[in-house]
Amino acid sequence: MARQFFVGGNFKMNPVSKQAKAALAETLNKASLDPATEVVVAPPALYLLSLKDILRKDVKVSAQNCYFKDSGAFTGEISPKQLVDSEIPYVILGHSERRTLFHETSELVATKTRAALDSSLSVILCIGETLQQREADQTAQVCQAQLKAVVEVLKESDWSKIVIAYEPVWAIGTGKVASSAQAQEAHADIRAYLAKAVSPAVADATRIIYGGSVTAANSKELATKPDVDGFLVGGASLKPEFVDIINARQI
Ligand code: PEP
């Protein structure tokens, strides 16, 4: 089954002005983007609606996080229901910065994933190992443990709304990209795990994208790998080269 190539831009806590946000939209609006690629950008929550209003309609927007309750006394949080009401189709969950800086466990990520799906959001679900875990040869084990928590709360039909982002923590924002062989191996392991833990059909259909220091220069080679179905891009999504990453599958 052909999986649609997917490129996400995670702006993190950037940019810091309305002008810079408009410039990012302008770059995408003027660009020639591969129509075969699904493109999603995740600005800070404050800019979700205004960015959506000025962006071309074939580029979707995503939240970077959400809570698992619909409403109530949860200061500082955004609910899946509010995202859906605002016509935001995607949310990133389990990003390593949320896991490490904000102490989100795999169980919390799974609870949020369940809540997001219950509100009919699609989820970009991030997993990945630290450098220490890679050096201890625990990459597959760590990814499986992070996924297992989610597998346990999802039905087979839920997986059509999930994009898995394999993001080795040592490659995020460091300039140290995984080699295409390392990415392919990790993605194939994740797919094999899905086949066993969920079903071969879900393993075949689920997009597994790579994140960690992706640039225009390294994206073309990574995109040739059979189990690399796209990218989640941090730093380079704020630069004009994001367009080349979106078009990485074009010759
Ligand atoms: C990310 O934050 O998801 C990411 C992959 O960042 P960067 O591309 O900057 O490494």
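Each ligand, and each atom within it, is numbered from 1 in the order the structure gives.
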Can you list the atoms of ligand 1 that are under 4.0 Å from a heavy atom of Ala171? 10 (O)
For atom 9 (O) of ligand 1, what is the nearest protein heavy atom, given as residue, atom name and distance? Gly235 N, 2.8 Å
Between Asp204 and Arg3, does any NZ, NE, NH1 or NH2 come within less than 4.0 Å of an OD or OE carboxylate oxygen? yes
Residues Gly212 and Val177: closest non-hydrogen pair is O-CG2, 3.5 Å
Option whose closest heavy atom lies nearest to atom 6 (O) of ligand 1, chosen from Ser96, Gly234, Ala42: Gly234
Please indicate whether any nitrogen or oxygen in Glu97 is less than 3.5 Å from any nitrogen or oxygen in ligand 1. no
Less than 3.5 Å between some nitrogen or oxygen of Gly173 and one of ligand 1, yes or no? yes
Report yes if Glu167 has an N/O atom closer than 3.5 Å to an N/O atom of ligand 1; otherwise report no. yes
Could you please spell out the steps behind the ring pair (Phe, Tyr, Trp, His ring centres under 6.0 Å) verdict for Phe6 and Phe231? CA-CA 6 Å; Phe6 181 106; Phe231 303 112; over 10 Å; no
Can you list the atoms of ligand 1 that are under 4.0 Å from a heavy atom of Gly212? 5 (C), 10 (O)
Contacting atoms of ligand 1, where contact means under 4.0 angstrom from a heavy atom of Leu232: 3 (O), 5 (C)
Heavy-atom pairs closer than 4.0 Å: do any link ligand 1 to the side chain of Ala165, the backbone, both, or neither? neither
Polar-atom distance check: Val233 versus ligand 1, any N or O pair below 3.5 Å? no
NZ/NE/NH1/NH2 to OD/OE distance under 4.0 Å, Arg134 and Glu129: yes
For Asn10, the ligand 1 atoms with a heavy-atom partner under 4.0 Å come out as 1 (C), 2 (O), 3 (O)
The protein heavy atom nearest to atom 1 (C) of ligand 1 is His95 NE2, 3.2 Å
Which pair of heavy atoms, one from Leu222 and one from Ala183, lies closest together, and at what distance? CD2-CB, 3.9 Å
Can a salt bridge be assigned to the pair Lys81 and Asp118 using a cut-off of 4.0 Å between side-chain N and carboxylate O? no
Determine whether Ile92 and Leu121 fall in the same hydrophobic cluster, where Ile, Leu, Val, Met, Phe, Trp and Tyr are linked whenever their side-chain heavy atoms lie under 4.5 Å apart. no
Run Ile88 and Tyr90 through side-chain contact (heavy atoms from CB on, under 4.5 Å) and show every step you take. CA-CA 6 Å; Ile88 306 300; Tyr90 271 96; 5.7 Å; no
